[in-house]
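Single-structure report; data block below.
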Protein chains: 2
Amino acid sequence: MRWLTEREQRVWRAYLQATWMLSEHLGRQLQQESGIPHTYYEILVALSEAPNRTLRMSDLASACRASRSRLSHAVAKLERTGWVRRSTCDEDKRGAWASLTEAGFAALERAAPGHVTAVREYLFDVLTEEQVDVLGQIGQAIQDGLSGECAKALEQVEEVYAADSAELPEVVPSAAERATDPESA
Amino acid sequence: MRWLTEREQRVWRAYLQATWMLSEHLGRQLQQESGIPHTYYEILVALSEAPNRTLRMSDLASACRASRSRLSHAVAKLERTGWVRRSTCDEDKRGAWASLTEAGFAALERAAPGHVTAVREYLFDVLTEEQVDVLGQIGQAIQDGLSGECAKALEQVEEVYAADSAELPEVVPSAAERATDPESA
DNA sequence: CAAAAGAAGTTGAGTTCTCAACAACAGGTA
DNA sequence: TACCTGTTGTTGAGAACTCAACTTCTTTTG
C-alpha cells in the first residue's frame with residue numbers, strides 16, 4: 001500500500017480546501033444574489049446554449065452532470081416556477097423535451113453577470129497566465145484519466161447488491177480478499 | 001461587464017468537469033467499497049488525527065468544512081452507528097467533545113487504503129511533477145483570495161434578509177439594467 | 001455585579017440528492 | 001408477429017444538507 005507523500009498530502013488538502021471554498025462561495029453568491037441554487041443555474045445555462053433553447057432530458061442531464069433522476073426532480077421544480085417547460089418528443093415517444101421559457105431566460109440574464117464576475121474575481125484574477133494554462137491541462141488530464149470510470153458510473157451499475165441499510169451501510173465485508181471477490185459491485 | 005474570454009471559458013469548464021468527475025468517482029468508490037459517505041469519512045479522518053482522537057464540535061466542523069448544523073446531524077448519526085462518541089466539556093459547559101471510538105477507527109482503517117489508492121490513481125498519477133506543483137500553488141492562491149469571504153461565509157451572515165420563499169426564491173429585486181448578454185459561464 | 005452581546009451546539013422544517021423500482025417505448029432477433 | 005433487451009424518463013422513499021430559530025453558557029461592558 002502506497003500512501004501519499006508529504007508533498008502530495010499538502011497538495012491534496014490544498015485542492016480540497018480550494019475547490020470547496022470556490023464552490024461554496026460561488027454557490028452562496030448565486031443563491032443570495034439571485035435566489036437560484038447553482039445546480040439549477042447550470043440547467044438554465046445548458047438550455048440557453050442549446051439550439052432553440054431546448055434539449056432532450058438525457059442530453060440536458062449529461063450537460064449538467066446530473067443523474068436522470070436528479071434532473072427529473074429539478075426540472076419538475078423549475079417547471080412549477082415557470083422557467084422551463086416540458087413537451088413530448090414525437091420522434092421518440094419515450095423522450096421529453098425541456099425548453100427554457102422567456103421567464104427562465106430572463107432569470108438567467110439577471111443572474112449571470114454576478115456569477116461570472118465572481119468566477120473572474122476569485123479564480124482567474126488570482127492566477128497568473130501560466131497557472132491558468134496549467135489548470136486547463138490539469139483539468140484535461142483528470143478528465144482523460146476518469147473518462148473510462150465515469151462512463152460506467154454515469155448511469156449507475158444496476159447490480160443487485162441487496163442493500164439492507166439498517167443504519168450506516170455496514171462496512172463492506174473484508175476488503176482483505178477483494179482481489180478474489182467474485183462479483184464486487 | 002466583463003465576460004470570460006474563450007480561453008477562460010474553456011478552462012472554467014474543464015475545471016468544473018474535472019472536479020466533478022473526481023469527487024463523484026472518489027465518493028462512489030468510498031461509498032461502494034466501504035459504505036461510508038465521503039463527508040462522514042472526512043469526519044473520521046479529522047478525529048483520527050487529533051490528539052486523543054478527540055475534538056470540540058466546532059473545531060471538527062471547521063476541519064471538515066462543515067457547518068455546525070450539518071456536523072451536528074452527521075455526528076448524531078455516527079454516534080448511532082457507534083463510530084463516534086460525544087461527551088460534555090467541563091472547561092466550557094456549552095461545548096461538546098467528539099471522540100473516535102475503536103470501532104470508528106477500525107472502519108477508517110478499512111476504508112482508507114482504497115480511498116488513498118483512488119486519489120493517487122486518478123489525480124497524482126495523471127499529472128506531471130510540475131503540474132502537481134502548480135496545482136498546489138493554484139490551490140493556495142484560491143484560498144488566499146477567498147479567505148476573507150469565507151471567514152464571513154463560514155458562519156452564515158445572520159442578516160435578517162426576510163426570506164419568504166414561496167417556491168423558488170423569487171429572483172432578487174431588480175438589478176434591472178444588465179448588459180443584455182445571455183451567455184454565461 | 002447586571003445586562004447585553006457573543007459563542008457553542010442542537011433542533012425541526014423544508015429542500016435537494018440518491019437509490020432502486022417502475023412504466024413506456026425502441027430496436028433487434030427469431 | 002412475438003420476444004427479448006436496452007433506453008428514456010418518472011416516481012417515492014429515505015438520506016443528507018441548509019436555514020433559521022432556540023437553549024445554554026461565556027465574555028464583555030457599563
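A quick note: this is a predicted structure, and the numbers were derived from the prediction, not measured. In what follows, chains carry the letters A, B, and so on, assigned in the order in which the sequence lines appear, proteins first and then strands, with residues in each chain numbered from 1.
The base of C:dA7 is paired with the side chain of B:R94 by a donor and an acceptor separated by under 3.5 Å. Between the side chain of A:S69 and the base of D:dT10, no donor-acceptor pair under 3.5 Å is found. The base of C:dT16 has none of its N or O atoms less than 3.5 Å from a complementary donor or acceptor on the side chain of A:T39. Scanning atom types as modelled, no donor and acceptor separated by under 3.5 angstrom connect the side chain of A:R68 and the base of D:dT8.
Base contact: B:S72 has a heavy atom under 4.0 Å from a base atom.
Taking side-chain N and O atoms only, B:R28 has a distance below 4.0 Å to OP1 or OP2 of C:dC19. In this model, the phosphate group of C:dA26 is not approached by any side-chain N or O of A:K93 to a distance below 4.0 Å at OP1 or OP2. The phosphate of C:dT16 (OP1 or OP2) has a side-chain N or O of A:Y40 nearer than 4.0 angstrom.
Classification of A:E8 and A:R2 as a salt-bridged pair fails, no side-chain N sitting under 4.0 Å from a carboxylate O. Salt-bridge check for B:E33 with B:R110: failed, with every basic side-chain N at 4.0 Å or more from each acidic carboxylate O. The existence of a salt bridge linking A:R86 and A:E79 is confirmed by a sub-4.0 Å separation between a basic side-chain nitrogen and an acidic carboxylate oxygen.
Between B:H115 and B:H38, the ring planes are tilted. Angles from 30° to 60° get that label.
The interatomic distance linking A:H73 (NE2) with C:dT16 (C1') rounds to 9 Å, in whole Å. Rounded to whole Å, the distance from CG on A:L60 to P on D:dT8 is 14 Å.
Each of A:R7, A:E6, A:R13 was compared with A:Q9 under the side-chain hydrogen bond (donor to acceptor under 3.5 Å, both in side chains) criterion, and only A:R13 meets it.
Residues of residues 48-57 of chain B having a heavy atom closer than 4.0 Å to DNA chain D: none are found.
Nearest-nucleotide positions on DNA chain D for A:A96 and B:R70 put A:A96 closer to the 5' end.
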